[in-house]
Amino acid sequence: MLKITLKDKSIIEVENGSTAYDVAKLISEGLARKALGALIDGEVCELTKQITKDCELNILTFQDDEGKMILRHTASHVLAQAVKRLYPTAKLAIGPAIDTGFYYDFDYEEGFTNDDLKAIEAEMKKIVKENIKLERFTLSRDEAIKFMQEKDEPYKVELIKDLPEGAEISFYKQGDFTDLCAGPHLFSTSPVKAFKLLSVTGAYWRGNENNKMLRRIYGTAFTDKTELNEFIAQQEEARKRDHNKLGRELGFFTTADLIGQGLPILLPKGAKVIQILQRFVEDHEYAHGWIPTKTPYMAKSDLYKLSGHWDHYQDGMFVLGDESKDKEVFALRPMTCPFQYQAYLNKARSYRDLPLRYNETSTLFRNEASGEMHGLIRVRQFTISEGHLMCRPDQLEDEFKACLEMAIYMLKTLGLYEDVSYRFSKWDPDNREKYIGTEEQWDEAQDIMEKILNHLEIPYKVGIGEAAFYGPKLDIQIKNVFGKEDTLITIQIDQMLAEKFGMEYTDTDGTKKNPYIIHRTSIGCYERTLALLIEKYAGAFPTWLSPTQVQIIPVSEKHFDYAQKIHNVLKDKGIRVETDYRNEKLGYKIREAQLEKVPYMLILGDKEIEENMVSVRSRKDGDKGAKSVDEFLNEILEEINTRAL
């Protein structure tokens with residue numbers, strides 16, 4: 001008999017060779033009906049997995065992230081089988097589960113229409129009703145290549161050829177359909193009942209714009225139709241809030257084909273919000289001991305070779321020149337760290353100089369693949385609140401904590417804190433060419449960071465392979481309205497680049513030592529933050545952030561002089577105010593201001609002039625009645641100065 005430790009730390013005994021599903025039935029029949037997979041000693045497994053030793057086991061349902069992924073991964077196979085039945089000439093690429101559902105990429109020249117999606121969905125329903133078993137089997141590398149060549153699946157052949165020699169290559173057979181896949185999956189297609197195909201888009205093979213454009217079908221799946229319907233309704237609301245649509249409609253930004261993809265133009269509204277954010281961040285950082293620098297936008301390749309970016313990040317850089325022809329080759333900077341190190345190296349440093357905190361509002365350039373770019377979320381030129389902090393080992397935890405506290409303060413002030421999660425990004429020791437440094441250095445840096453995060457009680461998840469090439473980092477993650485997760489803020493510990501650049505300080509005992517470096521942002525990329533704020537507030541920004549805070553609306557031309565007087569009073573107090581002098585009806589002007597999401601309107605007519613008052617209309621509360629100018633000013637300035645949300 002084997003001892004199985006369950007999630008609640010209770011222990012049950014089962015026979016050697018029992019499956020995870022057998023354990024689920026032992027716990028309760030209800031759990032077995034909901035079971036989608038199992039977590040065995042931390043590894044996600046199928047319910048058919050046989051248990052051959054004592055272990056810790058957690059039965060996964062749709063309430064678990066891993067359970068969702070198993071269901072949705074199987075749904076992607078159901079989608080692929082349906083497409084192959086209806087369109088046999090379509091070639092299979094990849095079909096993973098994602099946070100919001102799943103997708104599958106196909107090479108199909110004719111493309112897919114909305115009517116095709118309906119037909120595919122109907123075929124998927126048939127496959128679900130057929131209750132087809134999913135059977136896993138493995139092949140050697142040569143057998144796997146031959147197997148997929150015979151099926152005329154060139155993308156699968158390419159994937160297999162890229163796998164390392166000796167790797168176990170697994171497949172899942174699903175009736176008349178077989179796919180290359182690592183799994184895990186459900187028993188059968190039957191549990192995939194509440195699903196919906198959402199859209200079809202283009203996607204380059206392997207995200208590389210030099211490769212062929214494939215057809216990507218997105219879908220989602222749940223175990224309950226009510227949850228599915230709620231998700232669809234949520235997606236409808238997300239489309240209304242999508243910054244790429246709403247931000248353009250409200251005049252925050254635009255793009256131009258003549259300028260290029262991933263190079264947005266910030267219109268006056270967007271530029272004003274980012275200016276407000278930058279001033280807020282820079283003033284707050286200065287008050288907390290950060291010293292500004294201003295460094296070049298480009299540098300010779302020599303700098304990037306020393307930092308490691310040339311070997312580890314060159315594909316993501318804009319290189320100016322050709323090393324085979326030009327004496328000097330330059331590149332636009334993808335980050336500021338090696339530039340700020342030169343400021344540190346400007347003179348000799350002592351332990352008394354540390355911690356030394358350099359910040360910069362940095363414009364950066366990254367050569368993102370065209371398929372990855374989206375509105376303001378992922379662009380090729382962007383501006384970031386970047387900083388690098390050099391400190392002694394005994395200062396590291398306090399300084400890391402201060403960086404994190406500053407980031408949290410920023411997020412809370414913007415109203416984004418409730419939406420974020422934390423990821424401890426580690427290196428992948430199986431992908432050594434991606435990183436600099438020794439295994440011992442990485443172990444030391446990660447151990448230090450883990451101790452700090454645990455001591456600060458940060459609720460993080462671990463991301464293997466997500467570290468920077470020079471060190472581990474804490475990523476503060478956030479999702480856009482569609483549920484896609486991106487990194488908003490990073491705080492990194494680096495013990496390698498100081499040595500590479502010869503950065504030293506004289507310690508108390510007179511010896512030369514390399515400082516630790518903390519790479520950090522306090523608010524992240526301003527463009528991405530603007531996108532998230534547009535979505536968070538559906539364009540109706542808090543008053544302190546609104547590009548226009550007050551719209552003055554005179555009823556007719558005879559009220560223009562009074563409107564101008566009030567305009568000047570508000571402007572002198574620092575209020576961002578506009579006055580609508582158009583010869584339009586009052587109702588039309590009010591509706592226009594409401595559509596522009598202006599926080600306050602001041603309606604001015606005969607009565608207001610006679611009583612030296614303003615009639616206040618709030619975006620949030622509607623008509624607030626007549627107030628004196630001083631009363632209105634006191635209220636709005638309190639709202640602005642406290643950065644009320």
Side-chain angles (χ1 to χ4, degrees), residues 233-254 264 266-281 374-379 383 385 407-421 476-486 488-489 522-551 575-578 590-601 616-622 624 635-645:
Q234 182 189 46
Q235 290 293 291
E236 285 297 321
E237 176 63 23
R239 277 187 277 275
K240 294 176 187 175
R241 289 174 174 259
D242 179 10
H243 85 277
N244 208 14
K245 175 178 179 289
L246 188 58
R248 294 171 192 271
E249 290 173 353
L250 292 175
F252 282 90
F253 77 100
T254 188
L266 291 175
L267 298 173
K269 281 186 181 180
K272 174 53 70 176
V273 174
I274 285 185
Q275 182 188 63
I276 295 163
L277 289 172
Q278 284 184 6
R279 288 174 176 174
F280 161 57
V281 170
H374 173 64
L376 298 175
I377 293 281
R378 194 172 288 275
V379 291
T383 302
S385 58
I408 290 172
Y409 169 76
M410 297 289 177
L411 291 167
K412 286 182 174 179
T413 304
L414 296 177
L416 296 175
Y417 183 65
E418 64 189 32
D419 304 322
V420 303
S421 60
I476 302 180
Q477 303 290 102
I478 194 165
K479 293 180 179 179
N480 66 14
V481 285
F482 294 106
K484 184 181 182 301
E485 187 173 84
D486 282 294
L488 182 59
I489 293 171
S522 55
I523 204 173
C525 165
Y526 285 102
E527 288 82 357
R528 183 173 290 179
T529 301
L530 174 59
L532 292 164
L533 289 170
I534 292 170
E535 294 182 350
K536 172 78 174 181
Y537 297 109
F541 281 58
T543 302
W544 76 276
L545 271 176
S546 292
T548 300
Q549 295 166 323
V550 177
Q551 182 93 331
I575 308 294
R576 294 187 291 277
V577 56
E578 293 183 5
I590 291 173
R591 282 194 299 276
E592 285 272 290
Q594 287 172 331
L595 290 172
E596 290 291 318
K597 317 281 189 179
V598 179
Y600 291 99
M601 290 163 268
V616 181
R617 186 174 184 84
S618 162
R619 178 183 66 197
K620 178 183 176 184
D621 302 319
K624 299 191 74 173
E635 290 176 358
I636 193 171
L637 287 172
E638 172 71 12
E639 192 176 336
I640 292 167
N641 293 336
T642 60
R643 299 190 180 93
L645 297 176

Lys536: side chain to side chain donor-acceptor pair (under 3.5 Å) partners, not counting sequence neighbours: Glu418, Asp419
- prompt: Can you list the steps and then say if Glu578 with Thr548 is a side-chain hydrogen bond (donor to acceptor under 3.5 Å, both in side chains)?
  reply: CA-CA 7 Å; Glu578 293 183 5; Thr548 300; 3.2 Å; yes
query: Ile489 and Gly524: which non-hydrogen atoms are nearest, and at how many Å?
result: CG1-N, 3.9 Å
statement: CD (Glu635) and OG (Ser618) are apart, to the nearest 0.5 Å, by 10.0 Å
- prompt: In Å, rounded to the nearest 0.5 Å, how long is the span from NZ of Lys597 to CZ of Phe541?
  reply: 11.0 Å
query: Which heavy atom of Gln278 sits nearest a heavy atom of Thr383, and at what distance?
result: NE2-CG2, 3.8 Å
task: For side-chain contact (heavy atoms from CB on, under 4.5 Å), just list the numbers for Arg619 and Val598, CA-CA rounded to whole Å, side-chain angles, deciding distance to a tenth of an Å, and then say yes or no.
output: CA-CA 7 Å; Arg619 178 183 66 197; Val598 179; over 6 Å; no
message: If I take atom CZ from residue Phe252 and atom CG from residue Leu267, how far apart are they, to the nearest 0.5 angstrom?
response: 10.0 Å
task: Run through Arg378, Lys479, Gln477, His374 and flag the one making a side chain to side chain donor-acceptor pair (under 3.5 Å) with Asp486.
output: Arg378
query: Does some side-chain heavy atom of Val379 sit less than 4.5 Å from a side-chain heavy atom of Pro264?
result: yes
task: Measure centre to centre between the rings of Tyr417 and Tyr409, then say whether the value is under 6.0 Å.
output: no
field: Arg279 atom CZ, neighbour heavy-atom count above 12 within 6.0 Å
entry: no
- prompt: Is Asp242 paired with Lys240 through a side-chain N to carboxylate O contact shorter than 4.0 Å?
  reply: no
query: Any donor and acceptor pair, going by atom type alone, linking the side chain of Glu527 with main-chain N or O of Leu376 inside 3.5 Å?
result: no
task: Find the distance between CG (Leu645) and CG (Leu414) and round it off to the nearest 0.5 Å.
output: 8.0 Å
query: Any chance the side chains of Thr543 and Glu639 put a donor and an acceptor closer than 3.5 Å?
result: yes
query: For the side chain of Thr529 and the backbone of Ile523, is there at least one donor-acceptor N/O pair under 3.5 Å apart?
result: yes
- prompt: Considering all heavy atoms of both residues, which atom of Ala407 and which atom of Ile476 are nearest to each other, and what is their separation?
  reply: CB-CD1, 4.1 Å
- line: Residues Ala593 and Met601: closest non-hydrogen pair is CB-SD, 3.5 Å
field: Interatomic spacing from CG in Leu277 to CG in Leu545 - rounded to 0.5 Å
entry: 5.5 Å
- request: Determine the minimum heavy-atom distance between Ser385 and Val281, stating which atoms define it.
  value: CB-CG1, 3.9 Å
task: Give the minimum heavy-atom separation between Met410 and Ser522, together with the two atoms involved.
output: CG-O, 3.3 Å
- prompt: What is the distance from atom CG of Leu532 to atom OH of Tyr537, rounded to the nearest 0.5 Å?
  reply: 11.0 Å
query: Does the Gln549 side chain pair with the main chain of Arg576, one donor and one acceptor, at a distance under 3.5 Å?
result: yes
message: Does the plane of the ring in Trp544 sit parallel, tilted or perpendicular to the ring in Phe280? Use 30° and 60° as the thresholds.
response: perpendicular
Note, Leu488 side chain near Leu411 side chain (heavy atom, < 4.5 Å): yes
- request: Check step by step if side-chain contact (heavy atoms from CB on, under 4.5 Å) holds for Tyr600 and Gln551.
  value: CA-CA 6 Å; Tyr600 291 99; Gln551 182 93 331; over 6 Å; no
What pairs of donor and acceptor atoms, side-chain ones from residues 268-276 against any protein atom, are under 3.5 angstrom apart with sequence neighbours left out?
unit_1: Lys269; atom_1: NZ; unit_2: Leu250; atom_2: O; d: 2.8
unit_1: Lys269; atom_1: NZ; unit_2: Glu596; atom_2: OE1; d: 2.3
unit_1: Lys272; atom_1: NZ; unit_2: Gln275; atom_2: OE1; d: 2.6

query: Do any N or O atoms from the side chain of Arg528 and from the backbone of Ile377 form a donor-acceptor pair under 3.5 angstrom?
result: yes
message: Please enumerate all residues that pass side chain to side chain donor-acceptor pair (under 3.5 Å) together with Asn244, with sequence neighbours excluded.
response: Arg248
